[in-house]
Chemist: 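Sharing a structure here in C-alpha cells format.
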Amino acid sequence: MAQGSAKIRIAHAEPLGQGARLLRVERVDGAELGFAGGQYVIINTGVTLPGGKLAKRAYSMLSSDAEQRAVEIAVKRVGAGPGSNVLNDIAVGAELEWSGPWGKLRLPPGFSGRALVVATDTGITAALGIARSAAAAGAAQLDLLWLVEPGDHFVSERFVRERLPAAVRLTVAGDFLPVGHPERPARACALVGDHAAAAPYDAALCAGDGAVIYPIRDRLASLGAPEGSVLLESFFNNPMKKSL
Ligand SMILES: Cc1cc2nc3c(=O)[nH]c(=O)nc-3n(C[C@H](O)[C@H](O)[C@H](O)COP(=O)(O)OP(=O)(O)OC[C@H]3O[C@@H](n4cnc5c(N)ncnc54)[C@H](O)[C@@H]3O)c2cc1C
C-alpha cells in the first residue's frame, strides 16, 4: 500500500488510566495501511489552530504489523493540546483523515540480530509496535528499556507486559526524571550505557523525548555503535525542529 491520505474511522476506544485512551482505527475503504512496526500516521484532528492551520498530529502504531486493516494507537492527553484532546474525546464511529505510514524507525526487513529498543514516556507506543512486529516475523532478539517518570498515567507497565512477546526482555526505569529535568539526558545515557556495556547490539531504535534520545545516540556511538545503526524518532522536544 502506497503512502497517502485516507479517511479513517474510530472503530473502538477504551480509557487508559486517567489521562489517555487506546483507539482502534481502520480505513473506511477497508484497505490495508502497509506499515512496519515503529512507523506512525499523521491524523488530521479537524481542529483549526489560531493561525488558521489544521492541527495534524503524529501517532505511532502500537499494534503488530501482522494486522494491517485495523491498527491500535494510544493517545496521552497533553494539557489543553488540541490534537490529544480531540482524540481522547472523539466518539466511536467518528471519521477523520490520516496520512501515512511515515517514519524510518523500523528494523530492516529480515533483520535477525540483537536490537536494543529505548523508549521514553509515550515513545513506548513505537517500541511496542517494533517488538510485536519483530515477534510476528519470528526474527530478532530484542531488549526493551522504558524510561518513565513515576505517576505517569499514560499506559501502565502491566499494559506493556501484556502486549509484549515473551522473548522480549523488558527493563522499566519507572523512577526516571520528569520531562524537562536538566539531568534527564545524562541519567538516560548512564542507563543505556550500562545496557550496551553488558552486551553489544547490532541496532538500536529510540523513541520519545528528543532531549534524551539524541544524547543516547551519541553515547552509543561513543561505545562503538556503527554509523547508521542507531535510529531515532522524536515525539516531542525535537532538537532538529528548534534549530529550524
Ligand atoms: C513520530 C511521532 C509519534 C508520536 N506518537 C505518539 C503516540 O503514540 N502517543 C501520543 O500520545 N503522542 C504521540 N506523539 C505526540 C503527538 O503527535 C502530539 O504531539 C501530542 O498528542 C500532543 O498534541 P496536542 O495537539 O494535544 O498538543 P500540542 O499543543 O501540539 O502539544 C503541546 C506540547 O506538548 C509536547 N508534547 C507532546 N507529547 C508530549 C509528552 N508525552 N510529554 C511532554 N510533552 C509532550 C508537544 O511537543 C508540544 O510542545 C507522537 C509524535 C511524533 C512526532
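In listed order, ligands and their atoms are each counted from 1.
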Chemist: Which of the atoms in ligand 1, numbered in the order shown and given with their element, are less than 4.0 Å from a heavy-atom of T125?
Modeler: 7 (C), 8 (O)
Chemist: Quick one: which ligand 1 atoms are inside 4.0 Å of a heavy atom on V75?
Modeler: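 It comes down to these atoms of ligand 1: 11 (O).
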Chemist: Return yes or no for this condition: an N or O of N85 is under 3.5 Å from an N or O of ligand 1.
Modeler: no
Chemist: Measure the distance from atom 12 (N) of ligand 1 to every protein heavy atom, then report the residue, atom name and distance (to 0.1 Å) of the closest one.
Modeler: Y59 CE2, 3.5 Å
Chemist: For ligand 1, which atoms have a heavy atom of G83 less than 4.0 angstrom away?
Modeler: 24 (P), 25 (O), 26 (O)
Chemist: Give a yes/no verdict on whether any heavy atom in G103 is under 4.0 Å from an atom of ligand 1.
Modeler: no
Chemist: Using a plain distance cutoff, I'd like to know if T122 has any nitrogen or oxygen under 3.5 Å from a nitrogen or oxygen of ligand 1.
Modeler: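 Yes: some nitrogen or oxygen of T122 is under 3.5 Å from one in ligand 1.
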Chemist: Among all protein non-hydrogen atoms, which one is nearest to atom 29 (O) of ligand 1, and what is the separation to 0.1 Å?
Modeler: P82 CD, 3.6 Å
Chemist: Taking distance alone, with no angle check, do F236 and ligand 1 share an N/O pair under 3.5 Å?
Modeler: no
Chemist: Quick one: which ligand 1 atoms are inside 4.0 Å of a heavy atom on K76?
Modeler: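 Selected atoms, number and element: 11 (O).
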Chemist: For atom 9 (N) of ligand 1, find the nearest protein heavy atom and state the residue, atom name and distance (0.1 Å precision).
Modeler: A74 O, 2.8 Å
Chemist: In the protein, what heavy atom is nearest to atom 6 (C) of ligand 1, and what distance, to one decimal place, separates them?
Modeler: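 Of every protein heavy atom, F235 CE2, 3.4 Å lies nearest to atom 6 (C) of ligand 1.
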Chemist: Can you list the steps and then say if R106 with D65 is a salt bridge (Lys or Arg N to Asp or Glu O under 4.0 Å)?
Modeler: CA-CA 11 Å; R106 50 183 292 185; D65 59 15; over 6 Å; no
Chemist: Please report, to 0.1 Å, the donor-acceptor pairs under 3.5 Å made by any side chain of residues 182-205, with sequence neighbours excluded.
Modeler:
unit_1, atom_1, unit_2, atom_2, d
R184, NE, L177, O, 2.7
R184, NE, P178, O, 3.2
R184, NH1, D121, OD2, 2.9
R184, NH1, D209, OD2, 2.8
R184, NH2, D121, OD1, 2.9
R184, NH2, D121, OD2, 3.4
R184, NH2, L177, O, 3.0
Y201, OH, D143, OD2, 2.5
D202, OD2, R114, N, 2.6

Chemist: Quick one: nearest non-hydrogen protein atom to atom 26 (O) of ligand 1, plus distance?
Modeler: S84 OG, 2.6 Å
Chemist: What is the nearest protein non-hydrogen atom to atom 27 (O) of ligand 1, stated with its residue, atom name and distance?
Modeler: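 The answer is G81 CA, 3.3 Å.
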Chemist: Considering only protein heavy atoms, which is closest to atom 16 (C) of ligand 1, and at what distance to one decimal place?
Modeler: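 Checking every protein heavy atom, the shortest distance to atom 16 (C) of ligand 1 gives A58 O, 3.3 Å.
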Chemist: As a check for students: among R57, Q39, K241, identify the option with a heavy atom nearest to atom 24 (P) of ligand 1.
Modeler: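 The option holding the nearest heavy atom is R57.
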Chemist: Which atom pair, heavy atoms only, marks the closest approach of V155 to A74?
Modeler: CG1-CB, 4.4 Å
Chemist: For atom 22 (C) of ligand 1, find the nearest protein heavy atom and state the residue, atom name and distance (0.1 Å precision).
Modeler: V78 CG2, 4.0 Å
